Amino acid sequence: MPDGHMPIKPAPLVDRFGRTVSYLRLSVTDRCDLRCAYCMAENMTFLPKKDLLSLEELQTVAEAFIRRGVTKIRITGGEPLVRKDIGALFQGLGRHMGAGLEELTLTTNATLMTQHANQLVAAGVRRVNISLDTLNPDTFRQITRRGEFDKVMAGIDAADRAGLTIKINTVALKHQNADELPEMIKWAHRRGFDMTLIEVMPLGLTGEDRYDQYLPLFEVRDALEQRWTLSDEASAPANAGPSRYVRIEETGGRLGFITPLTNNFCAGCNRVRVTCTGRIYMCLGQDDHIDLRAALRDSADPQAALDAALDRALFAKPERHDFEITAPDERPALPRHMSTTGG
Ligand code: SAM
Ligand code: SF4
């Protein structure tokens, strides 16, 4: 390098509204071993495997984001742990921990966690979000349309034993778990897990009526306040994202609320999503996307082509989402399922 010249640091990912993107959610498959009634149709058709980016391509995409200042990557899906040889991607990305990447994590339904927990820890994963909507095995089978509750519990135990910090994600459902939420919160906090409640979002057709599922979280919070003392956390944890946290005095644990419908939290959005076919979605609630596959496969200089695609994506990041569930039998706000982009 000539004297006095510093290497050029790639520009950070800043959008038109001044928001810096530091967080990537990377979906590694659209497939899943469950069919949660708010997420997918029972007879869901999945993408042909040939349409998916290879694990090496997914790693190249993730590395392009790390170069541009992304410090946190969440692997998601579909169910990320059903992707064959997924351990290799965790290992590959884990090598960037402490060298650009500060957190590597995943969202999972935990059905396969017993096989993967130790390997994930070895790769550098420290925290995991586990989705669980009920502690009742019959309700679990109803919601997931096929899941085995005991397998998930064994998965949670395995993650805990392996030393992973667990957060439980629970979609609040008007008929299926509304009455059970206090018990679930007590269970999670007794086990030392944070828990986050999520409002159901109108993404994709599932064969069920969203209106019939949708439970606004302000109602849940009101009901919890009748029973417990909830105090807003003065400083949200670093990984809070759209979650607003309270501390519950009686359980001693932390509870988050993700309210995409009743409260818009887009002003602080720091994330983008990449699908398993290589599309960047700049907002979960909008359909604008940019395809990275051509940059990866057809360019003589994939690194430069990926960088240019990331710049285009950032420029196009919308200001906010606009979800609504106001009447029975409404069409979804977007045809895309949550399993396409990852939660
Ligand atoms: N299969 C993994 C799991 O369930 O944790 C990861 C993918 S899943 C799509 C990610 C998260 O999205 C889960 O917590 C799930 O409950 C949530 N989710 C799926 N569809 C949703 C919807 N329509 N509205 C709100 N949350 C949804
Ligand atoms: Fe599968 Fe997760 Fe969707 Fe349930 S929420 S069907 S576990 S992708």
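From a predicted model like this one, the values you see are computed outputs, not experimental measurements. Atoms within each ligand, like the ligands themselves, are counted from 1 in listed order.
Atoms of ligand 1 lying under 4.0 Å from any heavy atom of T76, numbered from 1 in the order shown and given with element: 6 (C), 7 (C). Remark: ligand 2 atoms within the under-4.0 Å shell around heavy atoms of G78 are 8 (S). The distance from ligand 1 to the heavy atoms of V171 drops below 4.0 Å at these ligand atoms: 16 (O), 26 (N). Every atom of ligand 1 is numbered from 1 in the order shown, and the set under 4.0 Å from a heavy atom of E199 is 25 (C). The ligand atoms of ligand 1 that sit less than 4.0 angstrom from a heavy atom of M201 are 22 (C), 23 (N), 24 (N), 25 (C). The C39 neighbourhood of ligand 1 comprises atoms 19 (C), 20 (N), with distances under 4.0 Å to a heavy atom of that residue. Against a heavy-atom cut-off of under 4.0 Å, V200 is close to the following atoms of ligand 1: 24 (N), 25 (C). Heavy-atom proximity to N109, at under 4.0 Å, picks out these atoms of ligand 1: 2 (C), 3 (C), 5 (O).
Contacts of T107 with ligand 1, taken as heavy-atom pairs under 4.0 Å, involve both backbone and side chain.
Between G78 and ligand 1 there is a heavy-atom distance shorter than 4.0 Å. By the 4.0 Å heavy-atom criterion, M40 is excluded from the residues contacting ligand 1.
Not a single donor-acceptor pair under 3.5 Å links the side chain of Q213 to the backbone N or O of K174.
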In a table with atom names and distances, give each donor-acceptor pair under 3.5 Å that connects a side chain of residues 88-96 to protein atoms at least two apart or in another chain.
from	atom 1	to	atom 2	distance (Å)
H96	NE2	E63	OE2	2.7

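For atom 4 (Fe) of ligand 2, protein N, O or S atoms closer than 2.8 Å were enumerated as C36 SG, with waters left out.
For S22 and T20, the side-chain atoms include no donor-acceptor pair closer than 3.5 Å.
With sequence neighbours left out, the salt bridge (Lys or Arg N to Asp or Glu O under 4.0 Å) criterion links R221 to E225, D232. R297 pairs by the side chain to side chain donor-acceptor pair (under 3.5 Å) definition with E57, not counting sequence neighbours.
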